[in-house]
2 protein chains.
Amino acid sequence: MGATKTELFTEQQNELASMAKALAHPARIAILQYLVKKNACVCGDIVDELGLAQATTSQHLKELKNAGIIQGTIDGPSVCYCIDPKVWLKYKELFNSFFKNVTIDNNCC
Amino acid sequence: MGATKTELFTEQQNELASMAKALAHPARIAILQYLVKKNACVCGDIVDELGLAQATTSQHLKELKNAGIIQGTIDGPSVCYCIDPKVWLKYKELFNSFFKNVTIDNNCC
DNA sequence: TTATTAAATCGCAATATTGCGATATATTAA
DNA sequence: TTAATATATCGCAATATTGCGATTTAATAA
């Protein structure tokens, strides 16, 4: 007990949930918004930007990398992070189609 | 330590993260998809639908209710759940505007 | 009233997440 | 080589989530 029972759900449901999980922390939202705002690779000032400890920031960056939504490229002594536009688009489309089909005439109890 | 440092982030970032958290479990995705598919209030068969224990299902329903995205109305001995279309729309719009501004010509390192 | 049914809550155990200091790793500069 | 800089990883503590059996709560049925 304690671990999610992924075998009960469809692959699509698990994928959407895991994408949501990647976004489920304000630090990760902030990192993504920062990268989008810069619209370029960002080398090395994300720690200062966030206000969390370096180790914690690195942890969040790792989660975003695992989710595929950002890429980290080694550039000399530092690492450059940027949005992966292809994965970003996939997120966008999956969330979009998830939220699409609700009509407002939902006559509730 | 261990708790999210919400005070470091904007209200908008915390809100989006908390919305993502509500979606960050396949059981909750499954519940929402089920309610959307039925396009009506669903009284009492969500536990059978999911495959999780009654207590666990109730817990997930509670989280979705706390997030505001579903409503539960008492109907005799059972409870009827349905999407709150207004909150659903809000989710849709916030995620939409979050994912909007990424151009593909993101020339990465 | 008593039994039945449906859902919520309690209490617990297992696991996951968040955060950080300390340390390790890797690259550049001197 | 040695020092400096940037990032990753380790190890730990605190907190949160997931899941479930057992119990409680609330409404209907008999």
Side-chain angles (χ1 to χ4, degrees), chain A residues 1-9 13-14 17-32 34-35 41-67 70-82 109, chain B residues 1-9 13-14 17-32 34-35 41-67 70-82 109:
Chain A
M1 324 114 190
T4 297
K5 291 199 161 180
T6 53
E7 73 276 9
L8 289 178
F9 308 102
Q13 287 165 341
N14 285 315
S18 119
M19 282 166 44
K21 208 173 208 173
L23 305 178
H25 194 288
R28 295 195 288 275
I29 295 288
I31 290 170
L32 292 173
Y34 185 60
L35 292 177
C41 288
V42 168
C43 306
D45 55 351
I46 294 179
V47 172
D48 306 323
E49 194 64 22
L50 272 195
L52 289 166
Q54 184 267 323
T56 309
T57 305
S58 185
Q59 169 76 20
H60 284 302
L61 286 165
K62 189 185 179 183
E63 279 177 64
L64 290 172
K65 253 196 299 187
N66 288 343
I70 67 171
Q71 289 175 330
T73 316
I74 295 171
D75 174 43
S78 68
V79 176
C80 296
Y81 287 104
C82 59
C109 319
Chain B
M1 323 111 189
T4 297
K5 290 199 161 180
T6 53
E7 73 276 10
L8 289 178
F9 307 101
Q13 287 165 342
N14 284 315
S18 119
M19 282 166 43
K21 209 174 208 172
L23 305 179
H25 194 288
R28 295 195 288 274
I29 295 287
I31 291 170
L32 292 173
Y34 185 60
L35 292 177
C41 287
V42 169
C43 307
D45 56 350
I46 294 180
V47 172
D48 306 323
E49 194 63 22
L50 272 195
L52 289 166
Q54 184 267 323
T56 309
T57 305
S58 186
Q59 169 78 19
H60 285 301
L61 286 166
K62 188 184 179 183
E63 280 176 64
L64 290 172
K65 254 197 298 186
N66 288 342
I70 67 171
Q71 290 174 329
T73 317
I74 295 170
D75 173 44
S78 68
V79 176
C80 296
Y81 288 103
C82 60
C109 320

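Residue numbers begin at 1 in each chain, while the letters A, B, ... track the order of the sequences. Model, not experiment: these values are computed from the prediction.
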- Task: Any salt bridge (Lys or Arg N to Asp or Glu O under 4.0 Å) involving residues 55-64 of chain B? Give me the pairs, sequence neighbours left out, ordered by first then second residue.
- Result: R28(B)-E63(B)

- Measure up the F9(B) and H25(A) rings against each other and bin them: parallel (under 30°), tilted (30 to 60°), perpendicular (over 60°). perpendicular

- Nearest nucleotide by nearest heavy atom, which residue falls closer to the 5' end of DNA chain C, I74(A) or A27(A)? A27(A)

- Item | Set of side chain to side chain contact (heavy atoms under 4.5 Å, CB included) partners for S18(A), sequence neighbours left out | none

- Message: Can you measure H25(B) atom NE2 to dT15(C) atom P for me and round it to whole angstrom units?
- Response: 15 Å

- E49(A) meets the side chain to side chain contact (heavy atoms under 4.5 Å, CB included) criterion, sequence neighbours left out, with Y34(A)

- Is the distance from OP1 or OP2 of dA8(C) to the nearest side-chain N or O of K65(B) less than 4.0 Å? yes

- K21(B) side chain near dT17(D) phosphate (N/O to OP1/OP2, under 4.0 Å): yes

- Qualifying residues under side chain to side chain contact (heavy atoms under 4.5 Å, CB included), relative to A20(A), sequence neighbours excluded: F95(A), L23(B), A24(B)

- Calculate the interatomic distance between R28(B) atom CZ and dG19(D) atom P; express it in whole Å. 9 Å

Nucleotide N/O to protein N/O under 3.5 Å, stretch nucleotides 1-6 of chain C:
residue: dA6(C); atom: O4'; partner: P77(B); partner atom: O; Å: 3.2

- Query: So does K5(A) get a side-chain nitrogen or oxygen closer than 4.0 Å to the phosphate oxygens (OP1/OP2) of dC20(D)?
  - Reply: yes

- So, is Y81(A) close to the dA8(D) phosphate, meaning a side-chain N or O under 4.0 Å from OP1 or OP2? yes

- Query: Which residues in residues 46-61 of chain A have at least one heavy atom lying under 4.0 Å from any atom of DNA chain D?
  - Reply: Q54(A), A55(A), S58(A)

